J.: 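Take a look at the following structure, please.
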Amino acid sequence: MPETDAAPETDTVTTDASVDAGAQPVADEAGDATFEETAATRGEAQPDEAAVVDRSHLPLERRIEAILIVADEPQGAVHLATALRAPVPAVKAAIQSLRADYDGAGEGPERGFELREVGGGWRIYVREAYDVDAADFVLTQTPTKLSQAALETLAVIAYKQPITRGAVAAIRAVNVDSVVRTLLGRGLIREAFADSETGAINYETTELLLSQLGLNSLDELPPISPLLPDGEEDAFA
């Protein structure tokens, strides 16, 4: 607008702003907050709320089952309830229903796997009666040569056992989930116990490793210090 145009009277500006307030938010710091509060008051979905997909129509047992199949650590009822946005009592009831289903308590047969409570959480395991079949399959299907990553992870576990997967990952500075599964499948390590507070599983080496290395006990492992570059010794202390 040219500078020669006269500005409207103050009373007129006030009246026009009052008329247009419903269509256009006031362009000041307070105006933005007022606009957001008005949107919330009208019940409009915020961006984060709109992005959440409602999955409550799916069976809770199957949703829990899907998580337990891919989980590497025991999952507590509260953790599962938070992840699934479901009430804790409903999750606990669904877990017991899954456990009974796997055990053949209903009309279906007993499964080759079971749901165990370990370290305050739940995890799917091969049923004890079928451990030999599962172990034979893994050993016959897996190549005999270990990768460099597997050897390094095995060394960390051997010298620091019992140790959790998270602690191994911290020492190696890489994710070791798949490598740990490989070592478990080879029978070179096993689950020693689950931490009572966190539920994290601690791993230790097996007698098979000793026989493969030709050792009678872990005390015969060579000192690690001469084999490490400077600055890495503290990790194995």
Side-chain angles (χ1 to χ4, degrees), residues 53 55-143 149-150 153-154 157 161-169 174-209:
V53 179
R55 303 180 59 78
S56 59
H57 62 286
L58 297 175
L60 185 57
E61 288 87 351
R62 302 285 80 83
R63 297 174 68 196
I64 294 174
E65 187 176 51
I67 291 178
L68 294 177
I69 286 175
V70 299
D72 290 323
E73 300 286 354
Q75 304 297 309
V78 174
H79 189 192
L80 289 169
T82 301
L84 298 174
R85 300 175 183 270
V88 174
V91 169
K92 289 182 176 179
I95 289 174
Q96 294 302 326
S97 176
L98 280 174
R99 188 180 189 184
D101 180 26
Y102 298 163
D103 291 344
E107 297 180 356
E110 179 184 87
R111 311 295 181 85
F113 51 88
E114 60 183 343
L115 193 54
R116 299 181 196 168
E117 186 174 15
V118 180
W122 295 89
R123 190 180 179 194
I124 294 177
Y125 287 86
V126 173
R127 196 173 294 277
E128 185 177 0
Y130 307 102
D131 272 345
V132 174
D133 296 314
D136 287 347
F137 172 79
V138 171
L139 292 175
T140 56
Q141 295 296 316
T142 307
T153 300
L154 183 58
I157 296 174
Q161 61 184 305
I163 186 173
T164 64
R165 181 166 47 243
V168 175
V174 294
N175 186 292
V176 296
D177 290 354
S178 61
V179 177
V180 168
R181 284 194 292 269
T182 297
L183 295 176
L184 282 169
R186 299 290 188 90
L188 298 173
I189 65 172
R190 63 188 168 209
E191 297 177 358
F193 60 90
D195 188 278
S196 59
E197 296 183 358
T198 65
I201 294 176
N202 284 258
Y203 296 91
E204 63 183 7
T205 55
T206 64
E207 290 75 14
L208 177 60
L209 175 64

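Here the structure is a predicted model, which means the values were calculated and not measured. Counting begins at 1 with the first residue of the sequence.
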J.: Could you tell me the separation between the CZ atom of Arg181 and the CG atom of Leu184, rounded to the nearest 0.5 Å?
T.: 9.5 Å

J.: Test: salt bridge (charged side-chain N to carboxylate O under 4.0 Å, His left out). Region: residues 192-205. Which pairs qualify, not counting sequence neighbours?
T.: Arg190-Glu204

J.: Determine whether Tyr125 and Val118 make a side-chain contact, defined as any pair of heavy atoms from C-beta on separated by less than 4.5 Å.
T.: yes

J.: Using a 4.5 Å cut-off on heavy atoms from C-beta on, say whether the side chain of Val168 contacts that of Val180.
T.: no

J.: Going by the salt bridge (charged side-chain N to carboxylate O under 4.0 Å, His left out) test, which pairs reach into residues 73-83, not counting sequence neighbours?
T.: Glu73-Arg165

J.: Going by the rule ring pair (Phe, Tyr, Trp, His ring centres under 6.0 Å), which residues pair with Phe113 if we only count those two or more places apart in sequence or in a different chain?
T.: Tyr102

J.: To the closest 0.5 Å, what do you measure between OH (Tyr130) and CD (Glu114)?
T.: 10.5 Å

J.: Residues two or more places apart in sequence or in another chain: which of them pass side-chain hydrogen bond (donor to acceptor under 3.5 Å, both in side chains) with Arg123?
T.: Glu191

J.: Listed by chain and number, what are the side-chain hydrogen bond (donor to acceptor under 3.5 Å, both in side chains) partners of Arg99, not counting sequence neighbours?
T.: none

J.: Once side-chain contact (heavy atoms from CB on, under 4.5 Å) is applied, do any residues pair with Leu208, and if so which ones, sequence neighbours excluded?
T.: Leu188, Thr206, Ser211, Gln212

J.: Hey, mind stepping through Ile95 and Leu80 against side chain to side chain contact (heavy atoms under 4.5 Å, CB included) and telling me if it holds?
T.: CA-CA 10 Å; Ile95 289 174; Leu80 289 169; 4.0 Å; yes

J.: Less than 4.5 Å apart, any side-chain heavy atom of Thr153 and any of Thr182?
T.: no

J.: If I compare all heavy atoms of Ala167 with all of Ile163, which pair ends up nearest, and what's the gap?
T.: CB-CG1, 3.5 Å

J.: For Pro109, give me all partners under side-chain contact (heavy atoms from CB on, under 4.5 Å), at least two apart in sequence or on another chain.
T.: none

J.: Mind checking what makes side-chain hydrogen bond (donor to acceptor under 3.5 Å, both in side chains) contact with Asp131, not counting sequence neighbours?
T.: none

J.: Tell me every residue that passes side-chain hydrogen bond (donor to acceptor under 3.5 Å, both in side chains) with Ser56, counting only those two or more places apart in sequence or in another chain.
T.: Asp54

J.: Shortest non-hydrogen contact from Ala194 to Gly199?
T.: CB-O, 4.0 Å

J.: Quick check for you: to the nearest 0.5 Å, what is the distance between Leu154 atom CG and Leu183 atom CG?
T.: 5.5 Å

J.: How long is the gap from CG on Leu115 to CG on Asp101, to the nearest 0.5 Å?
T.: 10.5 Å

J.: List the atom of Ala94, the atom of Ile64, and the distance in Å for their closest heavy-atom pair.
T.: CB-CD1, 3.6 Å

J.: Could you pull out all residues at least two apart from Arg55 that satisfy side-chain contact (heavy atoms from CB on, under 4.5 Å)?
T.: Val53, Leu58, Arg63

J.: About how many Å separate OG1 of Thr82 and NE2 of His79, when rounded to the nearest 0.5 Å?
T.: 7.0 Å

J.: Are any non-hydrogen side-chain atoms of Thr205 and Ile157 less than 4.5 angstrom apart?
T.: yes

J.: Inspect the contact between Arg127 and Asp103 and indicate whether a charged nitrogen and a carboxylate oxygen are less than 4.0 angstrom apart.
T.: yes

J.: Could you pull out all residues at least two apart from Ala90 that satisfy side-chain contact (heavy atoms from CB on, under 4.5 Å)?
T.: Leu60, Pro87

J.: How far does CD of Gln75 sit from CD1 of Ile124, to the nearest 0.5 angstrom?
T.: 11.0 Å

